[in-house]
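Every chain is numbered from 1, with letters handed out A, B, ... down the list of sequences.
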Amino acid sequence: MDAKKGLYSFGEIEGKWQRFWEESRLFKAPDCDPSKPKYYVLDMFPYPSGQGLHVGHPEGYTASDIVARYKRAKGFNVLHPFGWDAFGLPAEQHAIQTGTDPKETTQNNINNMRRQTKSLGFSYDWDREVATTDPKYYKWTQWIFLKLFNSYFDEAEQKARPIDQLPVPEGLSDAEKAKYIDDHRLACEAEVPVNWCPALGTVLANEEVVGGLSERGGHAVIRKPMRQWMLRITKYAERLLDDLTEVDWPESIKKLQTDWVGKSIGADVDFKVDGFDETIRVFTTRPDTLFGATYMVMAPEHPLVDKITSQDRREAVRTYREAAARKSDLDRTDLAKEKTGEPIGAHAINPVNGEKIPIWISDYVLISYGTGAIMAVPAHDERDFEFATKFNLPIIPVVEPADAEQAEAVRQGTLCFIGDGRAINSGDFSGLSTAEFKEQITDWLQKRDLGKKTVNYKLRDWLFSRQRYWGEPFPILHGPDGQIMAISEDELPLKLPAVTDYKPTGTGEPPLANALDWVNVTLSDGSKAKRETNTMPQWAGSCWYYLRYLDPDNDQQGWAPEKEQYWMANGGIDLYIGGAEHAVLHLLYARFWHKLLYDLGYVTTKEPFKKLINQGMILGEDGQKMSKSRGNVVNPDKVIAEYGADSMRLYEMFMGPLEAIKPWSMQGVEGVHRFLQKLWRAVVDRETGELAEAIEDAQADEPTLRLLNQTIKKVGDDIETFSFNTAISAMMIFVNHLSRLSVRPKAVVEKLVLILAPFAPHIAEELWEKLGHAGTLAYEPWPEYDRELIREKKIELAVQVNGKIKDRIVVPADADEEQIKQKALVSEKVAAAIAGRELRKVIVIKSRLVNIVI
RNA sequence: GCCGAAGUGGCGGAACUGGCAGACGCGCGGGAUUCAAAAUCCCGUCCUGGCAACAGGGUGAGGGUUCGACUCCCUCCUUCGGCACCA
C-alpha cells in the first residue's frame, strides 16, 4: 500500500494540475501589458468533428504549446488562444439525415473536443475561446462582409476605399448609377457558371471539386450558370504576391501561393476579323512569336463565335459548342490528352504582316483566362504544336535555338521549341533576341494602337455563396425592383433562423428560402424585400478569427484598436502552426481579408501571419494514411488513459521533425513513457512518495554540471528552431546520466524540471512541488546556462591518414595546432599507416580531427 | 507532363556553416535481479570476414569537385505532396 505512494500516477497528477491551471486562470493573457514584450502563438483552429480529436491535432498543438510555455519562461506576455471553425458540411448532412439542429450537433462536438483538448494540458487562455457559429462571433464576420460590400478598389492607389468615395460618371440615371456602384463593390453579385453538385444540392468552389467530383462525398459536379456572390480577390493579386516577401514562411508554401496567383506578363494583341467590322483580342506572353501565328483559337464560349461563323460551318460549330458546354470538369480533364476543335470558317488578320489565318474553336482555350482567345504559334507552344499536328495546320518557326541540332529540327518543323533564342522569319525584327523582340514589338503594337502590355493572373475571383443552411447569413436584402441593399451594422448579427427542413430544395434555391417568415421583410417605408438566402462558405469565419481572439467579448467592435496594436505588433502573429493542406486557400483568403481591413484602417499590419510552420501528417502504424476503413486510427483518449498526456505530448514531438510525415508507433509512446518513469524514480522515493534520498543540497560534480549546461543550451536552442525531437533526446541523455548518480544535487534537478516543463508540464509541476516549491513553475524564468561550464577540458580528436581514421587522440581543449599535430604524429597506429612515406600535408581542424595526407 | 519535398541500420530518426556516419528512442540478443514473471539495471547490436585484435565496405544509383562529401555540382531512379491545357 505504501509502495503505491511513490509511483508515477500520471492520471492523478495530470488531473490535479489541469484543475489548478483552469481554476487559477493561470494562462489568462493580460491585454496591453506594457511591462513585457508580447508573443502571439496561434494554432489553426479545428472543425469540431463528431469523430473528435485525432492524433494529428495534438501534434501542432503540442508544438505551439511548447513555444508558448517557453516564451512565458523567457518573460513574454503570451497570447495562446483556441477556438472552433464550427460551420461546415458534416453537421448539416447529419441534420438532413436525422433532423437534428446543426447547432446542437455542433455544440456537442465542441464540448467533446474541448474536453479532449483540455486533457492534453495545453496552456490556452480559454477565456478567449471563440466559435464561428456563435452569433456574437458571426456578427463580425457579417460586419467584415459589409466592409467588402461597401468598398471598391482604387486601381491607382492599389487599395480599397469606401464605396461612397467611388467617382461615378456624370449623366447616369439612378438605376444606371446604382448598377455602376454595385459593379465596383468588392463583394458583388454575378451570374457565373458554377460547379453545381446535384447530389449535394449545392454549388462548390473550384477547390472543393477534385477531378470533377465533389471533395466531400465524391459526387458528380456539372457546370451551370447561377447568380452568386463573388469577392474580388483578384484586385489584390499584385499585393498578395508582393507581400509574400515580408513573411517568414516555408519557401515551398510561398511558391504554392505564387503559382496559385499565377502572374504572367505579356501583351494583348488585336486581330481584325476578315470581312467583319470586328476585332478579336488575344493575350500572349510571347508577342515575339507573332510572325509564327498560323491560326487562331477561340474558346467555345467566346461571344464572337456566333457572329463570325460562316454559314457552312454553323452546324459543326453548334454541335461542338454544345458538347463543350455539357462537359464537366472531369470530362475536360479526361479529354485533355486528345485535342479537339472545329474551324469556324472565318479568318483573322495578323496585325504584324497582314497574313490571313483561319479561326478555330477548341476547348483547350479557356474562356475564363486572358481574353478567351489565342494566337496559335505551333512552332513554339506545345499545345498549339499538338493541335496543329493533329489538324495539319502550318508550322512556321520564328525562334531559333542556340543549339544547332535543335535549330535544324525547329526549321524542319519537327521540334516545338518553347525557350528563348534568336528571331527568324520575322521581317525587320529578325535577328533580335527573345527579350529584345518582346520589348520592341510591344512598343510597336502600342504605337499603332494594335496592342498593349498586359498582366494576367490565374487567380479567379472568390465564389463566396453556398446553397446551404449551416453558414453565416448574408446581411443583404433584395428590394422589390431587384435592388441590392445591405442591412445596417446596428442590425447585426443577422441570425440564422430555426428551420424544420435542412434539405436543399434541389432547384438551387438554398434551404433558407423555405424560412418564409425570415425571408420576407417589410421595410420602414412599407415596401417589401426578401433576404438573401445563400450563406457564406466555411472559409469566411476562419478568415479573421485571429483578430477576434484579441478581444473576444467586445460587442461594440470586432476588436479594439489598442488591443490590435499591442498583440499584432512587429508584423502580426509571431507563430502560426497548422497543416500544409491550408497552404493555399485559407492562407490566401485570410491574407486578402486582412489587406482589406488594413486598407480601411482596422488593422496595422500588411500581413497577418509573420511566421508560419506546417506540421506533417501522422500516418497509422502501417505507414498508411489513418482512416476508419483501414482500421489504423489511433485514439488520443486511449493513449492518454494508458500512458498519460505528458507521454502523449512527448511522443508526438519525439517522433521526428515537426514538418515531416511520419508513422505512429505505440512502442514509441512506451519509450518516452519509460523516460518519464525513469525521471520520476530519480527524483521521488518509491516508498514514501517524498523526495528521494539521493536528492541533496550538494555541489554537482564537473561532468554533471557540464552536461546540465549543455542540455539547457541545447533544449533552448532547439525550441527556438522547432527541433523538438532533438531537444527531447538531449533531456533523455541527461536523465540517463542523472539516474546513475548516487547523489543528485537538488539545484541540478530543479533546472532539469524547468526545461522539461514546456514539453511535459504536468510531471514537471508535480516534481517542482515535490522539490519544495509552492505554486506553479509556469512563470519561473528559463534557466541560464554557463558558457564556461559547457566547455570540455579535454577533447578527443580523430586522426585520419588520407581521409581514413587510424587512431584517436585526447588533447587539452586549448591545444594549438602544432601541439595537436605532434601528438597525432607520435601515434603508433598512425606511424604504421604512414609507413615511412613522406608527409605531403597535415590538416588540423581544431576540436574536430587531424588529416595526414601522404 | 510541370513544380516542390524527401531517400541514412530491422524501425522512427540524429549529424553545427564540407570535418569521427548511425546520437536518442524502438526492436532484437545476452546477462543480473526473481521461486517465476512483469518491471528495473548492466552489456551488445550498420554490413561482411575473423575466437579476437583487426581488415574491408557503407548514407537510393552513377559520375564530379575536395586533403576530406549524408552535406556542394551534374545525370538518373524511387516515394510522397501540389498543379493540371492559365497561352
**Item:** Separation of the P atoms in B/rC70 and B/rA15, to the nearest angstrom
**Value:** 15 Å
**Fill in**
side chain to side chain donor-acceptor pair (under 3.5 Å) test vs A/Arg281 passes for just one of A/Asp270, A/Thr454, A/Thr371, namely A/Asp270
**Item:** Presence of A/Lys678 side-chain N/O under 4.0 Å of B/rC41 phosphate oxygens OP1/OP2
**Value:** yes
**Request:** Could you measure between the two C1' atoms, the one in B/rC72 and the one in B/rU65, and give it in whole Å?
**Result:** 8 Å
**Asked** What residues form a side-chain hydrogen bond (donor to acceptor under 3.5 Å, both in side chains) with A/Arg674, not counting sequence neighbours?
**Response** none
**Prompt:** Taking atom P of B/rA5 as reference, at what distance in whole Å does atom CD of A/Gln615 sit?
**Reply:** 20 Å
**Message:** From CZ of A/Phe283 over to P of B/rC85, roughly how many Å is that when rounded to an integer?
**Reply:** 17 Å
**Asked** Does A/Lys453 NZ have over 12 foreign heavy atoms under 6.0 Å away?
**Response** no
**Message:** Say we look at B/rG10 and B/rC47: how far apart would their C1' atoms be, to the nearest angstrom?
**Reply:** 12 Å
**Prompt:** Between B/rG4 atom P and A/Glu581 atom CD, what is the distance in whole Å?
**Reply:** 22 Å
**Asked** Under the ring pair (Phe, Tyr, Trp, His ring centres under 6.0 Å) test, which residues partner A/Phe734, sequence neighbours left out?
**Response** none
**Request:** Let me have RNA chain B in dot-bracket notation, would you? Count Watson-Crick plus G-U wobble pairs, both distances under 3.5 Å, and use [ ] for pairs crossing earlier ones and | for inter-strand partners.
**Result:** (((((((..(((......[....)))((((((.......))))))((((....))))..(((((..]....))))))))))))....
**Item:** Nearest-angstrom distance from the residue atom CZ of A/Arg740 to C1' of B/rC42
**Value:** 9 Å
**Request:** Show your working on side-chain contact (heavy atoms from CB on, under 4.5 Å) between A/Gln257 and A/Leu240 and close with a plain yes or no.
**Result:** CA-CA 9 Å; A/Gln257 293 229 339; A/Leu240 288 168; 5.9 Å; no
**Asked** With sequence neighbours left out, what residues match A/Tyr651 under ring pair (Phe, Tyr, Trp, His ring centres under 6.0 Å)?
**Response** A/Trp664
**Asked** Expressed in whole Å, how much space separates the P atoms belonging to B/rU45 and B/rC54?
**Response** 13 Å
**Prompt:** What distance, rounded to whole Å, do you find between the two C1' atoms, one in B/rU78 and one in B/rC67?
**Reply:** 34 Å
**Message:** With a cut-off of less than 4.0 Å, is there a side-chain N or O of A/Tyr364 near OP1 or OP2 of B/rA87?
**Reply:** no
**Complete:** 5'-most contact on RNA chain B (nearest-nucleotide basis), A/Asn456 vs A/Ala730, goes to A/Ala730
**Prompt:** Are more than 12 heavy atoms from other residues, nucleotides or ligands located less than 6.0 Å from atom CD of A/Glu238?
**Reply:** yes
**Request:** Mind running side-chain contact (heavy atoms from CB on, under 4.5 Å) on A/Thr294 and A/Ile395 for me, showing each step along the way?
**Result:** CA-CA 7 Å; A/Thr294 55; A/Ile395 299 170; 6.0 Å; no
**Asked** Given the P atoms of B/rG60 and B/rG13, what is the spacing between them in whole Å?
**Response** 14 Å
**Item:** P atoms of B/rC73 and B/rA6, separation to the nearest Å
**Value:** 12 Å
**Request:** Can you check whether any acceptor in the base of B/rC3 is under 3.5 Å from a donor in the side chain of A/Lys255, or vice versa?
**Result:** no
Atom pairs, N/O to N/O, protein against nucleotides 66-74 of chain B, distance under 3.5 Å?
unit_1: B/rC67; atom_1: O2'; unit_2: A/Asn851; atom_2: ND2; d: 3.4
unit_1: B/rC67; atom_1: O2; unit_2: A/Asn851; atom_2: ND2; d: 2.6

**Request:** Mind calculating the distance between NZ (A/Lys714) and P (B/rC24) to the nearest angstrom?
**Result:** 13 Å
**Message:** Could you check whether A/Arg649 pairs with A/Glu652 (Lys NZ or Arg NE/NH1/NH2 to Asp/Glu carboxylate O, under 4.0 Å)?
**Reply:** no
**Request:** Would you mind classifying the nucleic acid contact of A/Ser739 as base, sugar-phosphate or nothing, using non-hydrogen atoms under 4.0 angstrom?
**Result:** nothing
**Request:** Indicate whether OP1 or OP2 belonging to B/rG25 is found under 4.0 Å from a side-chain N or O atom of A/Asn736.
**Result:** yes
**Prompt:** Separation of A/Leu585 atom CG from B/rC83 atom P, in whole Å?
**Reply:** 8 Å
**Message:** Are more than 12 heavy atoms, taken from residues, nucleotides or ligands other than A/Glu670, located less than 6.0 Å from that residue's CD atom?
**Reply:** yes
**Which residues share a salt bridge (charged side-chain N to carboxylate O under 4.0 Å, His left out) with A/Lys829, sequence neighbours left out** = none
**Message:** When you measure only distances, ignoring hydrogens and angles, does the side chain of A/Arg848 come within 3.5 Å of the base of B/rC16 through a donor and an acceptor?
**Reply:** yes
**Message:** Tell me the interatomic distance from A/Ile367, atom CD1, to B/rC85, atom C1', rounded to whole angstroms.
**Reply:** 15 Å
Identify each atom pair where a protein N or O and an N or O of nucleotides 26-30 of chain B are less than 3.5 Å apart, giving names and distance.
unit_1: B/rC26; atom_1: OP1; unit_2: A/Arg674; atom_2: NE; d: 3.0
unit_1: B/rC26; atom_1: OP1; unit_2: A/Arg674; atom_2: NH2; d: 2.9
unit_1: B/rC26; atom_1: O2'; unit_2: A/Gln667; atom_2: OE1; d: 3.3
unit_1: B/rG27; atom_1: OP2; unit_2: A/Arg674; atom_2: NH2; d: 3.0

**Prompt:** Near A/Ile418 CD1, under 6.0 Å, is it more than 12 heavy atoms from other residues, nucleotides or ligands?
**Reply:** no
**Fill in**
Sorted by chain and number, sequence neighbours left out, ring pair (Phe, Tyr, Trp, His ring centres under 6.0 Å) with A/Phe387 holds for A/Tyr295, A/Trp360, A/Tyr364, A/Phe391
**Item:** Whole-Å distance separating the CH2 atom of A/Trp260 from the P atom of B/rG82
**Value:** 11 Å
**Request:** Not counting sequence neighbours, which residues clear salt bridge (charged side-chain N to carboxylate O under 4.0 Å, His left out) with A/Glu792? List them please.
**Result:** A/Arg706
**Asked** In residues 646-661 of chain A, which ones come under 4.0 Å of RNA chain B, going by heavy atoms?
**Response** A/Phe654, A/Met655, A/Pro657, A/Ile661
**Request:** Working to the nearest 0.5 Å, report the span between CZ of A/Phe654 and CD1 of A/Ile728.
**Result:** 7.0 Å
**Fill in**
Heavy-atom nearest nucleotide on RNA chain B taken for A/Gly262 and for A/Ile733; more 5' hit belongs to A/Ile733
**Carboxylate-amine/guanidinium contact A/Glu338 A/Lys390, below 4.0 Å** = yes
**Asked** Just checking A/Ile374: base, sugar-phosphate only, or nothing, at a heavy-atom cut-off of under 4.0 Å?
**Response** base
**Prompt:** C1' atom, B/rA21 versus B/rG57: distance in rounded Å?
**Reply:** 14 Å
**Request:** Not counting sequence neighbours, list each pair that qualifies as a salt bridge (Lys or Arg N to Asp or Glu O under 4.0 Å) and has a residue in residues 839-854 of chain A.
**Result:** none
**Item:** Ring-ring centroid check A/Phe385 A/His380, cutoff 6.0 Å
**Value:** no
**Request:** For B/rG29, decide between syn and anti, treating a glycosidic angle within 90° of 0 as syn.
**Result:** anti
For nucleotides 55-57 of chain B, give me every protein contact, N/O to N/O, under 3.5 Å, one pair per line with atom names.
unit_1: B/rG57; atom_1: OP2; unit_2: A/Lys804; atom_2: NZ; d: 3.4

**Request:** Dump the intermediate steps for side-chain contact (heavy atoms from CB on, under 4.5 Å) on A/Thr284 and A/Asp268, then the final yes or no.
**Result:** CA-CA 6 Å; A/Thr284 177; A/Asp268 276 348; over 6 Å; no
